[in-house]
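Here's the structure we're looking at; comments come further down.
For reference, positions follow the sequence shown, starting with 1. Keep in mind that this is a model prediction, so the values were computed, not measured.
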Amino acid sequence: MHHIVLKYRRFGINRTIEHQAASEWNELNEKQLLEVLRLISTSTKVKEFRLHIVKLLLDLSWFQFKLVNTVQFIQLFDYFRWIEEGISLTRCPIKILLKTYYGPADELSGFTGLEWILADDAYIRYRDGEENALDELIAVLYRPLDPETSSHDKRETFNSNALEHRAKFLAQVDPLKKLAILRFYESCRQEWEQIYHRVFSGVESNAENYGWAEVFLAIAESGSLGDLEKIEQTPITTIFLKMQVDHKNYEQFKAKNQLK
């Protein structure tokens with residue numbers, strides 16, 4: 001967080017405003033995140049966008065905002081220039097339906113193989129133009145609280161049979177909240193793409209396959225992580241790591257034996 005001190009003069013008296021302001025996407029609260037995304041979607045003028053960002057993230061009243069001079073504004077926006085450098089949101093503060101539905105852990109920690117297959121299938125279909133697929137993605141990520149769980153994940157155990165009903169119910173969610181959840185998922189996915197680049201390049205470069213489902217079937221057949229049922233319950237990062245190491249070892253084997 002940035003500790004920002006803004007000084008101004010009113011009625012001949014020197015005054016000071018001190019504020020803790022976000023220094024990255026993951027420090028935005030729900031209200032700020034939604035408003036920033038709205039501004040990104042609707043603002044057409046750079047100066048106007050930056051003015052609103054400064055006012056929003058410093059929580060200034062309109063009166064206080066009008067006291068900011070040009071030099072101060074330029075200096076203040078420098079604290080928030082990260083907003084224009086791309087979205088990197090791996091913590092999702094979005095609440096749905098008065099906290100009835102709870103979202104995943106930061107960075108999708110604990111996300112299982114089955115959750116990944118269903119979530120990414122929905123994401124790719126949405127990316128390809130299937131609008132309703134976004135509701136399916138959110139239905140994978142958000143589910144009711146389990147009051148009896150002792151796990152760090154307070155949501156009820158994932159049940160793929162409940163997805164269709166939940167997706168229809170979640171269709172009523174504010175589109176801006178849906179956008180925020182989508183950006184969260186994309187940020188987590190992009191982070192994994194960078195870490196496990198061999199895995200993603202291998203899966204996505206082959207057009208004649210059945211995506212992650214085919215990959216998981218192949219892993220199950222090898223027995224290296226157990227049968228398909230066990231793989232579906234394995235944390236996806238464990239699966240990615242296994243695949244990354246296998247790809248690396250195979251590349252080294254090819255290089256050593258001069259294989260094409």
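Using a 4.5 Å heavy-atom cutoff, the side chains of Phe80 and Trp82 are in contact. Under the 4.5 Å side-chain criterion, counting only non-hydrogen atoms from C-beta, Ile138 is in contact with Ile96. Looking at heavy atoms from C-beta onward, Ser41 lies out of side-chain contact with Arg38 at the 4.5 angstrom threshold. Put simply, the side chain of Glu136 reaches to within 4.5 Å of the side chain of Glu130, judged on heavy atoms. In this structure the side chain of Asp174 never reaches within 4.5 angstrom of the side chain of Lys178, judged on heavy atoms.
Of the residues Phe111, Phe216, Trp212, the one that meets the ring pair (Phe, Tyr, Trp, His ring centres under 6.0 Å) test with Phe240 is Trp212.
Using modelled atom types, one side-chain atom of Lys55 and one backbone atom of Leu60 make a donor-acceptor pair closer than 3.5 Å. Without hydrogens or angle criteria, Ser201 side chain to His197 main chain gives a donor-acceptor distance under 3.5 Å. Panel note: side chain Thr112, backbone Gln233; no donor-acceptor pair is recorded below 3.5 Å. For the pair Asn26 (side chain) and Arg91 (backbone), a donor-acceptor distance under 3.5 Å is present. Arg50 places no side-chain N or O within donor-acceptor distance of the main-chain N or O of Arg81, the cut-off being under 3.5 Å. One N or O on the side chain of Gln172 and one on the backbone of Phe169 form a donor-acceptor pair closer than 3.5 Å. Checking side-chain atoms of Glu191 against main-chain N and O of Glu107 turns up no donor-acceptor pair under 3.5 Å. A donor-acceptor contact shorter than 3.5 Å links the side chain of Lys177 to the backbone of Lys95. Looking at Ser43, its side chain never comes within 3.5 Å of a backbone N or O of Ile40 through a donor-acceptor pair.
Within a 6.0 Å radius of NE2 in His165, no more than 12 heavy atoms belonging to other residues, nucleotides or ligands are found. Other residues, nucleotides and ligands place more than 12 heavy atoms under 6.0 Å from the CD atom of Glu48.
Between Arg127 atom CZ and Glu186 atom CD the span is 8.5 Å, to the nearest 0.5 Å.
Taking the six-membered ring where the residue is Trp, Tyr123 and Tyr185 present tilted rings, their angle falling between 30° and 60°.
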Before you tell me yes or no, could you show the steps for Tyr126 and Asn132 under side chain to side chain contact (heavy atoms under 4.5 Å, CB included), namely the whole-Å CA-CA distance, both residues' side-chain angles and the distance that decides it to 0.1 Å? CA-CA 7 Å; Tyr126 175 76; Asn132 292 339; over 6 Å; no

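Residues passing the ring-ring contact (aromatic ring centres under 6.0 Å, His included) test with His19: none are found, sequence neighbours excluded.
Under the salt bridge (charged side-chain N to carboxylate O under 4.0 Å, His left out) criterion, no residue pair touches residues 226-237, with sequence neighbours excluded.
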